[in-house]
Amino acid sequence: MRPYQKKKLSIVFFIAGLIIFLLASNSSAGVMKMSKEELKSLMEKDQNISIIDVRRGKDWTSSEFKIQGAKRVDPSNFSSWSTEFPKDNTLVLYCA
């Protein structure tokens, strides 16, 4: 298998795992999308929120837009960071 094919396959598995995790952790409400205004409002009201930046390499380093207080994690190491955040927190993942 060529390197770029391995990378594509890794990305597909990561996205599938992330979707399953999000659905399992919030199965009754489903996965929600929100605007930056909605996120700002949520951050002002709710102290039980964890904002997780899952951008990779150059996407993260070259970006001038980062949410203050967000924790950057390596999305490929999901098992190492998935237990890092309190279970009662609302998890907000972003990649753009």
Side-chain angles (χ1 to χ4, degrees):
M1 187 177 284
R2 295 182 179 179
Y4 72 92
Q5 290 173 321
K6 286 183 181 180
K7 186 175 182 178
K8 282 184 179 180
L9 190 57
S10 298
I11 291 170
V12 168
F13 281 124
F14 168 72
I15 291 171
L18 186 58
I19 290 170
I20 290 168
F21 168 75
L22 291 173
L23 289 174
S25 66
N26 195 9
S27 60
S28 64
V31 177
M32 300 181 328
K33 292 184 179 183
M34 67 177 69
S35 68
K36 62 184 177 183
E37 291 80 15
E38 291 170 317
L39 177 58
K40 184 177 179 182
S41 175
L42 181 63
M43 290 170 65
E44 291 169 353
K45 290 187 234 176
D46 190 355
Q47 297 303 314
N48 294 327
I49 184 169
S50 296
I51 302 172
I52 306 167
D53 187 333
V54 293
R55 292 179 288 178
R56 293 177 178 252
K58 193 174 182 181
D59 290 335
W60 184 77
T61 57
S62 65
S63 175
E64 62 186 81
F65 301 105
K66 296 179 174 105
I67 298 175
Q68 186 175 6
K71 175 150 180 143
R72 181 174 181 262
V73 298
D74 181 356
S76 63
N77 289 330
F78 172 75
S79 60
S80 69
W81 60 265
S82 63
T83 58
E84 189 174 326
F85 302 96
K87 300 264 187 246
D88 60 340
N89 275 18
T90 300
L91 300 181
V92 176
L93 283 73
Y94 81 103
C95 59

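Excluded from the calculations below are hydrogen atoms, water molecules and symmetry mates; all remaining heavy atoms, backbone and side chain alike, are included.
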In chain order, what residues pass the side-chain hydrogen bond (donor to acceptor under 3.5 Å, both in side chains) check against [X], with sequence neighbours excluded?
{"X": "T90", "value": "none"}
{"X": "E37", "value": "S35"}
{"X": "D88", "value": "none"}

(request) For the residue pair K66 and Y94, establish whether any side-chain heavy-atom pair is separated by less than 4.5 Å. (result) yes

(request) Check whether any side-chain heavy atom of V92 lies under 4.5 Å from a side-chain heavy atom of I67, and answer yes or no. (result) no

(request) Could I get the full list of side chain to side chain contact (heavy atoms under 4.5 Å, CB included) partners for N48, not counting sequence neighbours? (result) D46, N89

(request) Please list, chain by chain and in numerical order, all residues satisfying side chain to side chain contact (heavy atoms under 4.5 Å, CB included) with S79, sequence neighbours excluded. (result) none

(message) Checking E84 now: which residues fulfil salt bridge (Lys or Arg N to Asp or Glu O under 4.0 Å) with it, not counting sequence neighbours?
(response) K71

(message) Measuring from atom CD1 of I49 to atom CZ of F85, what distance do you get when rounded to the nearest 0.5 angstrom?
(response) 12.0 Å

(request) Could you grab the distance from atom CZ of R56 to atom CZ of R72, nearest 0.5 Å is fine? (result) 9.5 Å

(message) Show the nearest heavy-atom pair for residues V54 and C95, with the distance to one decimal.
(response) CG2-CB, 3.9 Å

